[in-house]
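Before any comments, here is the structure.
Worth saying up front: this structure is predicted, and the values here are computed from it rather than measured.
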Amino acid sequence: MSSWSTKTLLKRTNIIILRFVLLPVTLWIFLSLPALYYAANYLDSWEVFDTSYVNLNFNFISIILGVFATIYYFYKKTSRIVFSLILFLLFLIRFIDIGLKATFQVSFSPIVFRSTSFDSFLITLNLFGKELLLITLVGVLCSIVISYLMEFSFLKSRTSIITLAILLLLATRSTYILYKERHYAFEEIPSYLFAKELLEYQDLLKQKRIKLSDVELQNLNKIGIAPQLPSLSKLKNYVQNRNLVILYLESFNTDYTKKGGSKFENLTPNLDLFIDKSVLYVNYFNAVVPTHNSIFSSWCGIFPELGDKYIRGNPGYSKGLTCFSDILNNLGYIQKFFFGHGAWYAGITIFLKNHSYEQVTDLSQIEKEFPEWRKNKHAWGIQDTDLSRYVIRKVEQLRKNQPFNMSVFYINTHPPFFVAPDCPKYVLDNTNKLHYKQIHFQAIHCVDHAVGMVLKVLKKSGLMENTVVVVVGDTPGHDIQVRGRFLHYNKTLLAIYSPNIKAGINETVSYSPDFAPTVLETMGIQVPRIQSGHSILSSRMDFQTLVAPEFTVVDGELRMGDICRFEEMEMQKIGIIQDNVTDCERRKIFQYLRQWMQSQDSQHILTMD
């Protein structure tokens, strides 16, 4: 064989290796850098880079190569810019997906699109500014390099035409595979999930007034979800005037505690002591996410699905409803809510002020009073132990103004998790060395310590003798029993202490709209129903099927829902709901509940006018 033939063969071999090995592998590695970062910080590598991930992403790469190799061959100049830009966007989408999972425990979904705003962008910059800059630089540089490799690989030649044909065949095959495996592809390919959820979000934006038949309304009443304004006729008979303390814990599951099923000894010693003297509601689910919606749901017995901008743009939201704190206000309660972070976010301050809180204290006010606490603050706000110190100072003032309703929101267990320097250490055994798990457990232990500070003061001051104390999680946290898994909807902590109620476990299935009437009944205030919420101690026991915007609970089992298109929902009739509810029935139910909310607010405005 001549030297010329050898060189030609070697050159063609190198081109084939470049096109079918080096380029696909380089693309796969580049787009897998976000997953590698996630594995390094939050999971074991084998849990991320499993067979499903590897295969589905190589098929995704095959589609990219098949499409863009063809474009490169015919439109080289245009492709240089377009291919680099698309590669960078795919890379960025994957890192955004990782950021959402690590920080907010959600991936791309309608709630994420609803909450996307300039404020959330500023929070992201504050949390991950340096990381975002590095990610952008890596993404841009790698996109340019890969674009150059693509251009070099597909110079016009006879072999290029053959290669293009092969790549297009492989891309067609990969498209078919991804379609067949689309339910898994959503989990493993973030850009695929992004496109799917964005289309679903656009469908959810469609609004049209619907009217339910009498039969449909009767069917809603049969499951107890048809809203009813609370009956206040018995309030005049209330004479106990017990104080109320609500300690809200960010992202806190029932099974973080000993009685809730934790396998980790002494993780929450203060809460465990409290729960031993309280009623623990072991089947209490969050109906909505994120935090602001959970608070609104708990206070008013409703199912809000609001983005963080909605209430600031619609400050009259829910004013037409009589909610939990409005009832306490009618009974003469002094009401104060304390946050260690900015309660302005998502309009929480506006909501609470609309519902009779005379004082909402958040980060800005606390920092003015105690500027020295800024040195230990984290990305969200002051440390939970400092928040407890602030609250303890206010307890003595409240003792002189009984009855009172004091609420406190602890945030250190919000991902990526924060630990106050003065918290006791919690060390996992040697089988759990992952950094994310260590700091998560430490954050749980730290919040427990901060809550314990307040509980000890309440006990020492004698207030526990005439005070109902509630400890409640707003939304689920990471599942510490199964490594790395998190659920948007799960059993969150709810434990209620009252000096006249026997401690124990309540297994009634319930969710966040039931919070307010349950607390009121525990206080001796007979308001067993607020809108769609029922007291777990009474009327909820008659309605054991729970229907929420994203799930149903039947016989204690949570069943996640799926999408129903707007046009399909319009044609759906709400039938008798016993064992389950269809996705279109679910969407129609909550479309009707939103309309009902709007009508109540409209009537309030007309009355005010």
Side-chain angles (χ1 to χ4, degrees), residues 221 224-246 248 278-279 281 295-302 316-337 351-360 398-407 463-470 472 494 496-501 506 508 510-543 596-597 599-601 603-605 607-608:
N221 280 317
I225 201 170
Q228 294 180 12
L229 296 175
S231 173
L232 307 181
S233 59
K234 296 183 180 179
L235 290 186
K236 59 184 178 182
N237 300 323
Y238 178 67
V239 293
Q240 291 181 336
N241 288 334
R242 293 197 186 278
N243 301 308
L244 176 63
V245 173
I246 301 175
Y248 244 112
S278 307
V279 177
Y281 296 84
I295 291 176
F296 305 160
S297 174
S298 300
W299 256 236
C300 294
I302 55 178
Y317 174 78
S318 77
K319 267 193 169 185
L321 302 181
T322 298
C323 298
F324 167 64
S325 45
D326 299 315
I327 294 171
L328 293 180
N329 179 64
N330 289 336
L331 294 170
Y333 277 72
I334 301 297
Q335 303 193 87
K336 300 187 178 186
F337 211 130
F351 173 85
L352 293 173
K353 291 280 188 177
N354 284 345
H355 291 288
S356 308
Y357 272 84
E358 66 176 52
Q359 181 181 342
V360 180
L398 288 170
R399 283 189 66 186
K400 301 173 184 177
N401 294 282
Q402 300 184 52
F404 62 78
N405 166 23
M406 181 184 77
S407 305
L463 282 170
M464 294 289 277
E465 296 174 7
N466 189 42
T467 301
V468 171
V469 182
V470 182
V472 60
L494 176 60
I496 303 178
Y497 163 84
S498 177
N500 66 333
I501 289 184
N506 186 306
T508 303
S510 57
Y511 53 3
S512 49
D514 301 330
F515 176 86
T518 303
V519 173
L520 290 175
E521 187 163 348
T522 303
M523 296 172 70
I525 302 172
Q526 297 302 313
V527 184
R529 183 167 184 175
I530 296 179
Q531 279 69 255
S532 297
H534 296 263
S535 171
I536 306 171
L537 301 174
S538 53
S539 62
R540 174 50 66 194
M541 290 188 281
D542 297 327
F543 305 106
W596 182 87
M597 273 281 302
S599 69
Q600 295 301 311
D601 288 341
Q603 290 175 26
H604 174 77
I605 293 170
T607 304
M608 293 295 290

Requested in this report: Would you sort out whether Leu520 and Phe324 count as a side-chain contact (heavy atoms from CB on, under 4.5 Å), showing the intermediate values?
Outcome: CA-CA 8 Å; Leu520 290 175; Phe324 167 64; 3.8 Å; yes

Query raised in the report: Passes side-chain contact (heavy atoms from CB on, under 4.5 Å), Phe404 versus Val245? Steps please.
Result: CA-CA 8 Å; Phe404 62 78; Val245 173; 4.0 Å; yes

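- Distance CD1/Ile496 to CD1/Ile501: 7.5 Å, rounded to 0.5 Å.
- For the pair Arg242/Pro403, no side-chain contact is recorded, criterion being any heavy-atom separation below 4.5 Å from C-beta on.
- Counting only heavy atoms from C-beta outward, the side chains of Met464 and Pro499 never approach each other to under 4.5 Å.
- Going from atom OG1 of Thr508 over to atom CG of Leu537 covers 8.0 Å, rounded to the nearest 0.5 Å.
- Note that CD1 of Ile295 is 11.5 Å distant from SG of Cys300, once rounded to the nearest 0.5 Å.
- Side-chain atoms of Asp514 do not come within 3.5 Å of backbone N or O of Ser535 as any donor-acceptor pair.
- Residues Met523 and Asn241 form no side-chain contact, since every pair of their non-hydrogen atoms from C-beta on lies 4.5 Å or further apart.
- A 4.5 Å side-chain heavy-atom check between Trp299 and Ser325 finds at least one atom pair inside the cut-off.
- No option in Tyr511, Tyr281, Phe515 other than Tyr281 meets the side chain to side chain contact (heavy atoms under 4.5 Å, CB included) test with Ile536.
- The 12-atom threshold is exceeded at CD of Glu358, counting heavy atoms of other residues, nucleotides or ligands nearer than 6.0 Å.
- A distance-only check finds no donor-acceptor pair linking the side chain of Glu521 to the backbone of Thr518 [under 3.5 Å].
- The line from OG of Ser532 to CE of Met597 is 10.0 Å long, rounded to the nearest 0.5 Å.
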**Report entry** Audit row: Leu328, Ile525, side-chain contact (heavy atoms from CB on, under 4.5 Å) steps and yes/no
**Finding:** CA-CA 9 Å; Leu328 293 180; Ile525 302 172; 3.7 Å; yes

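- Counting heavy atoms from C-beta outward, Thr467 and Leu244 have side chains that stay 4.5 Å or more apart.
- Of all heavy-atom pairs spanning Tyr333 and Asn243, the tightest one is CE2-CA, 4.4 Å.
- Put simply, the side chain of Tyr357 reaches to within 4.5 Å of the side chain of Asn405, judged on heavy atoms.
- Pairing each heavy atom of Asn401 with each of Ile334, the nearest pair is O-CG1, 3.6 Å.
- Checked against the 6.0 Å centroid criterion, the rings of Tyr317 and Phe351 do not qualify as a close aromatic pair.
- Annotation: side chain of Leu352 is not in contact with side chain of Gln335 (no heavy-atom distance under 4.5 Å).
- Residues passing the side-chain contact (heavy atoms from CB on, under 4.5 Å) test with Asp326, sequence neighbours excluded: Thr322, Cys323, His355, Ser356.
- Side-chain contact check for Arg529 versus Pro517: every heavy-atom pair is 4.5 Å or farther apart.
- For Ser539 (side chain) and His534 (main-chain N/O), no donor-acceptor pair under 3.5 Å exists by modelled atom type.
- Atom CG of Leu463 and atom CG of Leu398 lie 8.5 Å apart (nearest 0.5 Å).
- The OG atom of Ser318 lies 6.5 Å from the CG atom of Asp601; values are rounded to the nearest 0.5 Å.
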Query - Verdict with supporting geometry, Gln228 and Ile530, side-chain contact (heavy atoms from CB on, under 4.5 Å) - result: CA-CA 7 Å; Gln228 294 180 12; Ile530 296 179; over 6 Å; no

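- When atom types are taken as modelled, the side chain of Asn221 and the backbone of Ala226 share no donor-acceptor pair closer than 3.5 angstrom.
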